[in-house]
Amino acid sequence: MNMEKSKKIKTSDLSLIDEVLSRSVDSVFPSKEKLKKELLSGRQMRVYVGIDPTAPYVHLGHATNFFLLKRLHKLGHKIIVLVGDFTAMIGDPSDKNAARIRLTKSEVKKNLKTYKEQIGKILNFEDKKNPIEFKFNSRWLSKLTFTDLADIASNFTVQQMIQRDAFERRLRENKPLYVHEFFYPLMQGYDSVALGADIEIGGTDQTFNMLAGRTLVEKMQEREKFVITTTLLEDPITGEKMMSKSRGTGIGMNDVPQEMYAKVMRLPDSGLLQCFIDCTELTKEEIAHILKNPPRESKMRLAHEIVKIYHSEKEATKAQEEFVRVFSNKDIPRILPKVELAGKETLENILIKEGVVSSKSEIRRLVESGGLKDMQTGEKIQDPKIVVSGSLILKIGKKRFLKIVTRTQKKE
RNA sequence: GCGUCGGUGGCGGAGUGGUCAAUCGCACUAGACUGUAAAUCUAGCGCCUUCGGGCUACGGAGGUUCGAAUCCUCCCCGGCGCACCA
């Protein structure tokens, strides 16, 4: 349409556009073809990803979306990272069979602290030519009145709302479904209106909410908002989410190198390809080449690659060496948590005080199963009540270590 | 408001007067095997313990009983149906 405004599209951009439309993309609403046409027009689009500050870290599952944003940024589009500080206080009912606990203001604020830094590992917030915006939806959502809400809500029917999977299921299973849960898609949808967004990107679990925004933009602003849903990091065999806090496999962007590396190594082999596609910027060819190696080597490469993104090449290499040292060679880690003792103390008291175990029963079980080891003698500890004097290096379970040293009394 | 069914461990879900710290499944932890993968096998999975046992738990508060997660009363919370809106 707007021939004058259209830029020339470079051939390098063409392949980037193809990547935008395919890499980690599940589906595009209304269609890939229509979006492609729009992207080829050269018009600058406003693109955003919403993220809820419900945890103090951004996990690797979100990286997929930020990489997609990065590609669009390269193409010259306007990028907005939207923090759902207001919506986080309502709780997203997506994929949950019960209403999520609502967060308080201070919890949200605490979680937010390092977000920009974490996301900044992928997106360049320093870009002066086409600055990336960082916005908070409390700016507009907290100002809406009941009248506004009624207005927004009048664009949807209850029937449309209860079509949503999570809602429908709870109705069917006679589980409580609260009225305020309907607000969530409305608010998230209104974000699109407030931002004047042309494209919203999010995981497939956000489809319903994002489409609500599509409806609102259409009704309130008479324009079209595109929705791109991205694949979730799931084990293709078990269907299990790879970034799960309950399984302890959630990898935070701010995890320290060693921990990050080890966590990647703990991911199931079957999800390797997906992780490479969604969590790194390696090309298809490079990925295919890497995956020709045995799984363990491929995974080590993945771990290295990921640590490199959030830390540095040097840190990644160090983490790798440490991993080999500790887990392949069963050696003592170079750096390990240390406790200093003033006087004599029994082992079980130390471990409880350090929060390594939560009760005496727990440590007893650990000892009985042979999960507590003295790394210097290589022997299993038989009695949790032994009095510690001098120094001791402990291995607790599979992956925890603790160094205990007794301070010499004279110096005091 | 009335009626009815229900509230058990991180979750799902048994148990309806004693043998119940509570079958079982999932999740989780440890051990074996390994590549800290997966799969598999074994053990554990409220707290304390001199390893005999002790203590606290089944929405909350009382009560009945030698004895209650189980029975009764009241309260709180949820589902469903009816009523209200008409």
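Each chain gets a letter, A, B and so on, in the order the sequences are listed, and its residues count up from 1.
Judged as a salt bridge (Lys or Arg N to Asp or Glu O under 4.0 Å), the pairs with a partner in residues 66-75 of chain A (not counting sequence neighbours) are, in order, A/Glu19-A/Arg71, A/Lys70-A/Glu281.
Rounded to whole Å, the separation between the C1' atoms of B/A39 and B/U34 comes to 11 Å. The same atom, C1', is picked in B/G10 and in B/A27; the two are 8 Å apart, to the nearest Å. On the C1' atoms, B/G15 is 13 Å away from B/A68, given to the nearest whole Å. B/C74 sits 25 Å from B/C82 when the C1' atoms are compared, rounded to a whole Å. A distance of about 15 Å separates the P atoms of B/G25 and B/A14, rounded to the whole Å. When the P atom is compared between B/G67 and B/A22, the two are found 22 Å apart, to the nearest whole Å. Between B/C47 and B/A57, the two C1' atoms lie 10 Å apart (nearest whole Å). Nucleotides B/C58 and B/U8 have their C1' atoms positioned 4 Å apart, rounded to a whole Å.
Ring-plane geometry between A/Tyr261 and A/Phe323 is classed as tilted, the angle between the planes lying from 30 to 60 degrees on a 0 to 90 degree scale.
One interatomic measurement links the two molecules: CG of A/Leu273 to C1' of B/A37, which rounds to 16 Å at whole-angstrom precision. In this structure, A/Leu372 places its CG atom 22 Å from P of B/A43, rounding to the nearest Å. Between A/Arg170 atom CZ and B/C80 atom C1' the separation is 17 Å, expressed in whole Å. Rounded to whole Å, atom C1' of B/U4 lies 13 Å from atom CG of A/Asn174. The interatomic distance linking A/Lys399 (NZ) with B/G31 (C1') rounds to 14 Å, in whole Å. For A/Glu362 and B/C28, the CD to P distance is 16 Å, given to the nearest whole Å. The interatomic distance linking A/Leu272 (CG) with B/A37 (C1') rounds to 9 Å, in whole Å. In this structure, NZ of A/Lys175 is placed 17 Å from C1' of B/C77, rounded to the nearest angstrom.
If you check the side chains of A/Asp85 and A/Ser138, you find a donor sitting under 3.5 Å from an acceptor. Using modelled atom types, one finds a donor on one side chain and an acceptor on the other under 3.5 Å when comparing A/Gln206 with A/Gln188. Looking at A/Asn137 and A/Thr87, their side chains do bring a donor and an acceptor atom within 3.5 Å of each other. No side-chain donor from either of A/Lys385 and A/Thr346 sits under 3.5 Å from a side-chain acceptor of the other. No hydrogens or angles considered: nothing links the side chains of A/Asn293 and A/Ser298 as a donor-acceptor pair under 3.5 Å.
Using a 4.0 Å heavy-atom cutoff across all strands shown, A/Ser328 reaches sugar-phosphate atoms only and no base atom. The residue A/Asp269 sits close to a base: some heavy atom pair falls under 4.0 Å. If you check every strand for non-hydrogen atoms under 4.0 Å, A/Pro294 touches nothing.
Formation of a donor-acceptor pair under 3.5 Å by the A/Thr229 side chain with backbone atoms of A/Ser27 is found in this model.
Here A/Glu168 pairs with A/Arg172 in a salt bridge; the nearest charged N to carboxylate O distance falls below 4.0 Å.
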_Pair pattern of RNA chain B in dot-bracket, where unpaired bases get dots and | marks partners in another strand, Watson-Crick or G-U under 3.5 angstrom_ = ((((((((.[[[..)..(.....]]].(((((.......))))).(((....)))...[[[[[..)....]]]]])))))))....

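In this structure, A/Ser359 reaches the B/C47 phosphate: one of its side-chain N or O atoms is under 4.0 Å from OP1 or OP2. Remark: A/Lys360 is in phosphate contact with B/U49, judged by side-chain N or O atoms under 4.0 Å from OP1 or OP2.
Place A/Gln258 and A/Lys398 on RNA chain B by their nearest nucleotides, and A/Lys398 ends up nearer the 5' end.
With its glycosidic angle within 90° of 0, B/G52 is assigned syn.
The side chain of A/Pro176 lies closest to B/G79, out of B/U50, B/G79, B/G35. When distances are taken from the side chain of A/Ser361 to each of B/C48, B/A30, B/G35, the shortest belongs to B/C48. Listed nucleotides: B/A32, B/A37, B/G78. Nearest to the side chain of A/Lys299: B/A37. Set against B/U49, B/G35, B/A30, the side chain of A/Arg364 has B/U49 as its closest nucleotide.
Remark: the A/Arg365 side chain and the B/U29 base include no donor-acceptor N/O pair separated by less than 3.5 Å.
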